Structures are given as structure tokens and as C-alpha cells.
Protein chains: 2
Amino acid sequence: MKEKVIPDIIVARLPIYLLALQHMMRDGRQVTSSQELGEKLGISSAQIRKDLSQFGEFGKQGTGYNIPYLADEIRKILKLDRIWDIVLVGAGDIGRAIAGYQGFYDRGFQVVMIFDNDFEKVGTALHSLVVQDVTYMGDIVRQAGIKVAMIAVPAAEAQHVAEQLVEAGVRAILNYAPIALHLPPEVRVENFDPLIHLQKMTYYL
Amino acid sequence: MKEKVIPDIIVARLPIYLLALQHMMRDGRQVTSSQELGEKLGISSAQIRKDLSQFGEFGKQGTGYNIPYLADEIRKILKLDRIWDIVLVGAGDIGRAIAGYQGFYDRGFQVVMIFDNDFEKVGTALHSLVVQDVTYMGDIVRQAGIKVAMIAVPAAEAQHVAEQLVEAGVRAILNYAPIALHLPPEVRVENFDPLIHLQKMTYYL
DNA sequence: TAGATTGTTAATCGATTAACAATC
DNA sequence: TAGATTGTTAATCGATTAACAATC
């Protein structure tokens, strides 16, 4: 039995749909349509229906989609029907902001450990977590079975840190360092660099 | 005379090329090829050549591309041959991290003012800038002629803040709030939400 | 000259949209 | 029933890749 391969670009839109559905839920809404969702997101209704149809039939003709139900289904598809533990590497400005960010848990994640290589920072508290020595990161991460990491270290150190994480069993990395990581293809990497986004907007100014 | 319209997706790759070229420059490299660049970035050499050819002829057969020259040309294309002033709205954890980030200037930007609506924060210093009252934001931003903004306020306030910025002349917004903004089409918006990226990786775990 | 690599064309591949039968 | 909206097919549109003549 062959699992149908879903294009990356479709998977990448699901979190956006989910976020919009969650906003609607907070507004007390019960049902929506592909058209309404599309207007909110600047995506055609046909595309939304086609994307969702890759994973099943979640709507009802004439009515649309039940919002809490569709949100639940998308969470299941994305494996967000659980809380993923995250290891954060880097306790500088960015690391501190990440550690203090309150929005993870509601959307399926929690930062459970922080590492740094700076002796000044190791042992200090960062928003309820104690910064640990990166020397011992590999064993601790493997032991904890953590699969998701965020890297917030200087560009020069990011590749090395990423390799250690992969070696320790991490399979998804959100990389804040402005550098392209080279990792085995089974490891997912997303680059998260504000400058890249700013730089692509100035073209149009 | 009609300007050729360049697809968004090509413009979006230029900052990535530029970043790789800057890394090569720091390593003292003088020339590269579309193939080498492609390997570093996980992009086909044909695509890199085709992308660049939209804007001119920057390479030399048999040799490749002169790195500092190509970097300069890409900077010109993206209008990064100057420093863009940025207004930052929101002085919470994220705003503080942004204000403290050292990497803007080298890549064409600088945060020149910060606003918040919290009386406790207004008047306090944040990495060499004083937090100003958001009440007066419109006039100050318009006066300064600022075209680029970063929004790091709670989701519920982001739309309102964005509208004020647009009204004040801002034409490019990097939005850290997890919500889709609705703005006139001439305003560029990039959403910058770590959860969206994390959520699209868990599908593959 | 021989080898390397560009810029570009044509072919392929994949994603988006339009349209509509099915049906709630 | 009449109106609305889904899921899906076929058509369109756009992006990527392969290949190669030009040329450094």
C-alpha cells in the first residue's frame, strides 16, 4: 500500500489554515466556507478545497466546514494533537525572546531545555528554565528523546550545533542563524531570518 | 516602455543568493559558479542562472561569477545599496530581541525608533533607543519618511497598528504577530511566525 | 587549443484555477 | 424546493530542468 505523497507546498499551507480557524473559534464561530477562509488569507477558495481534499472530506455541501472539527483534523494531520518538546540552543537576545514567548504551548510545542556555550550564562535562569552547558547537550537530548530544535547561535557555530543535534536524534530544526545548514535529507530544516524577508520587500519599494 | 515583471518567487531567492555570496566573501573567495552556489543552497544551477538572467548578464563563460561584483549587483537590484530605516512597534520580549539584534546594518537596515502603548515601557531605553508612545507614532513616522516597519505586538492589536503605519506612509511590514493582516495591495507584508514553521515540520516526523 | 561555464531555448513538470455535478 | 457549497475533473498557467550553442 502506497501512501500518497503530499506536496510540501500544500503541507506548508495547513498551519496557516489552522491559525485562521483558531481565530474564528475564539470569535465563537461554528462554521466557515472555503470562500470565507480564502478571503481572510488571500488564497483562492478552490485551492483551499483542493488542499484539504488531499487528506479527506471535511466539509458538507451547502454548509461548509465545521470550524472546531476541521481544526482538529488539521491538527491530527500535522501531528499537533500532542505537545512537542523543543530544545533551544543559544541563550543570547534571540534565545531569551524565544524562551519568554508564551505562544508555543497553545500551538503544540514547549521549550523544555536551553543550552549555551558561554560559562557566564550556564546555570542562570531564563524564564523558568536553567541554561545548561552545551557540552552535555547530545546525551541529554538523546535521553529525552527530543525531535525538534531551535538554533539561535551565531552563524559560525550553527552548522556544528546542528550536526550535534542530528546526531542526538533531532529531526526538525528551526534555524535562526543566517546560514544554510547542510544536513542529511531526512532532517527537516526551516530557516528563520528576518533579514531575508526584509530584503525581498525592498525590491518593490 | 514596459518593465518586465519579475515573478515574486525569483525576487525571494535573491536575498538567499546574496547571503551565500557574503559568506564566500568573508572566506576570501573571489569567484564562484552557479553549480557551487546551487550546491551550497540546495538549488539547481540552472535555476540560479535563469534567476540571475532576469536582471542582466553577471557571469563569464568558462569562469563563473565574480563574487563581490555579483553581490553588489544583487544589492542594487534589491535596493540594498543604502540603509533602510525601520520603525519597530512593540517593546515586549520579541521587540527587545529585535532592538538588540546586531545583524541589521550589515544587511541594509537599521531600527531607528520603537513604539509601545504601555506607559511602563514608554520612556525607557532599549538598546540605545528610547521607547516612544504609540499615540504619536503616525506623525513621527510620516515626518521621518520611514517606509519599512516591524510589528511585534499582540495579535489583537496588529491590524490596527498596521493600518496606522500604512496611513503614515509605511509600504513594507514584517509582521511578527500570528495573524493575517488585511492591507491595501500596494503594501508588502511578510509574516514571521516561528510556529507556522514548526507546525509544517511535524507533519514529516 | 581544451575545458569550463554561462545565458537561453524548449521540454517537462507541477501548481493553480475554473467549472460543475453532487448533495446538503 | 431553492440556494449554497463541497469535492473533483479538466484546462490553464507558471516554474523548473535539461540541454546546448556561445564563448571565456
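Letters A, B, ... are given to chains in the order of the sequence lines, protein chains preceding strands, and every chain is numbered from 1. Everything numeric here is computed off the predicted structure, so don't read it as measured data.
Looking at heavy-atom distances under 4.0 Å, S34(B) makes contact with sugar-phosphate atoms alone, never a base.
Proximity note for Q61(B) (side chain, C-beta onward) versus dT17(D), dT6(C), dT23(C): the nearest is dT6(C). Listed nucleotides dT6(C), dA18(C), dG7(D) differ in distance to R49(A); the shortest reach to its side chain belongs to dG7(D). Comparing atom distances between the S33(A) side chain and each of dG7(C), dC24(C), dT6(D) picks out dT6(D) as nearest. Set against dT17(D), dT16(C), dT8(C), the side chain of K50(A) has dT16(C) as its closest nucleotide. Relative to the side chain of Y65(A), the nucleotides dT6(D), dA22(D), dT16(D) differ in distance, and dT6(D) lies closest. Checked against dA22(D), dG7(C), dT17(D), the side chain of S44(B) finds its nearest nucleotide in dT17(D).
Nucleotide dA4(D) forms a Watson-Crick or G-U wobble pair with dT23(C), both donor-acceptor distances falling under 3.5 Å. For dC13(D), the paired nucleotide is dG14(C), the pair qualifying as Watson-Crick or G-U wobble because both relevant distances are below 3.5 Å.
Between I43(B) and R13(B), the closest side-chain pair of non-hydrogen atoms falls below 4.5 Å. Within the 4.5 Å cutoff, the side chain of L70(B) has no heavy atoms near those of the Y17(B) side chain.
Taking atom CG on D51(B) and atom P on dT6(C), their separation rounds to 13 Å, with Å as the unit. Atom-to-atom, CD of E36(B) to P of dT5(C) comes out at 10 Å; the value is rounded to the nearest Å. Remark: P of dT8(D) and CD1 of I48(A) are 16 Å apart, rounded to the nearest angstrom. The interatomic distance linking Q47(A) (CD) with dA19(C) (C1') rounds to 16 Å, in whole Å. Between the CD1 atom of I9(A) and the P atom of dG14(D) there is a distance of 14 Å, given to the nearest Å. The CD-P distance, from E57(B) to dA22(D), rounds to 14 Å in whole Å. Note: CG (L52(B)) to P (dT5(C)) measures 16 Å, nearest angstrom. The CD-C1' distance, from Q35(B) to dA18(D), rounds to 14 Å in whole Å.
Closest approach of S34(B) to Y65(B), counting heavy atoms only: N-CE1, 3.9 Å.
Ring-plane geometry between H197(B) and F192(A) is classed as perpendicular, the angle between the planes exceeding 60 degrees on a 0 to 90 degree scale with a lower cut at 30.
Of the residues near DNA chain C, I10(A) and K60(A), the one whose nearest nucleotide (by heavy atom distance) lies more toward the 5' end is I10(A). Checking T32(B) against P7(A), the closest nucleotide of DNA chain C that is more toward the 5' end is the one next to T32(B). Comparing D8(B) and G62(A), the nucleotide of DNA chain D nearest to each residue sits closer to the 5' end for G62(A).
The shortest distance between the side-chain N/O atoms of R13(B) and the OP1/OP2 oxygens of dT16(D) is below 4.0 Å.
More than 12 non-hydrogen atoms from other residues, nucleotides or ligands lie less than 6.0 angstrom from CD of Q110(B).
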Requested in this report: Dump the intermediate steps for side-chain hydrogen bond (donor to acceptor under 3.5 Å, both in side chains) on Y204(B) and D8(A), then the final yes or no.
Outcome: CA-CA 10 Å; Y204(B) 300 95; D8(A) 266 24; 2.5 Å; yes
